[in-house]
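First the structure, in the form of structure tokens, and then the observations on it.
Start at 1 and go down the list; that is how both ligands and their atoms are numbered. Along the sequence shown, the residues carry numbers beginning at 1.
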Amino acid sequence: MSLTLSDRLPGDPTARQTVERMIRVDHAGEYGAKRIYQGQLAVLGRGDKAALLRHMQAQEQVHLDTFSDLIARRRVRPTALLPLWHVAGFALGAATAALGERAAMACTVAVEEAIDEHYAAQTAALGADEAPLRETIETFRREELEHRDIGLDNGAEQAPGYRLMSLAIKAGCKLAIRISERV
Ligand SMILES: [Fe+2]
Ligand SMILES: [Fe+2]
């Protein structure tokens, strides 16, 4: 037996609450993503990866603007933790960039892999009644995968301590996702 959004159990969020949580966490995530690239550009803004970082940052800005618009139109409460993601996103970007271009790319790969899983789970859960939102998330997911591939093509896996850094960043992303859905 598989559960759909309409087969809710007592205490489960309603379908509307579930979609609101999705918009809240996606808005938070895109906000954090933009801050990561800003942090990386603060360190590597004059390096030869700067154009790639700016390209990815520009796409994150479009993602963020789209979810900001959804937050406003659907009257979804944004996460209370935006000030935290403001600082943590920038710090993660700047710290990895300070370790070098390959570490910055390793950060991108880890973050985008976590977001890919997250967006894939959302599009699988959304029904036909939310087709436009599903399309939006699917489009963004493809762009996040493009970012992951940019990271892989630019030496992410050659970063010192790649596996450990990747595991730590992915775990952090998953925790941030769980918190931002609720708080
Ligand atoms: Fe994004
Ligand atoms: Fe991204």
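Nearest to the Fe ion (ligand 1), among the N, O or S atoms that E30 has, is OE1. Nearest N/O/S atom of H63 relative to the Fe ion (ligand 1): this is ND1. Looking at E60, its N, O or S atom nearest to the Fe ion (ligand 1) turns out to be OE1.
For Q40 (side chain) and A104 (main-chain N/O), a donor-acceptor pair under 3.5 Å exists by modelled atom type.
The ring-ring contact (aromatic ring centres under 6.0 Å, His included) test with F140 is passed by exactly one of H118, H147, H63: H63. Residue L53 is tested with V43, I36, L44, N154 for a side chain to side chain contact (heavy atoms under 4.5 Å, CB included); the sole match is L44. Evaluated for a salt bridge (Lys or Arg N to Asp or Glu O under 4.0 Å) with E113, the options R141, R148, K170 yield exactly one hit, K170.
One of the N, O or S atoms belonging to H147 lies under 2.8 Å away from the Fe ion (ligand 2). For the Fe ion (ligand 2), the set of nearby N, O or S atoms under 2.8 Å includes none belonging to E143.
The pair R16-E20 meets the salt-bridge criterion, with a side-chain N (NZ, NE, NH1 or NH2) lying under 4.0 Å from an Asp/Glu carboxylate O.
The angle that E144 OE1 and E112 OE2 make at the Fe ion (ligand 2), rounded to 10°, works out to 120°.
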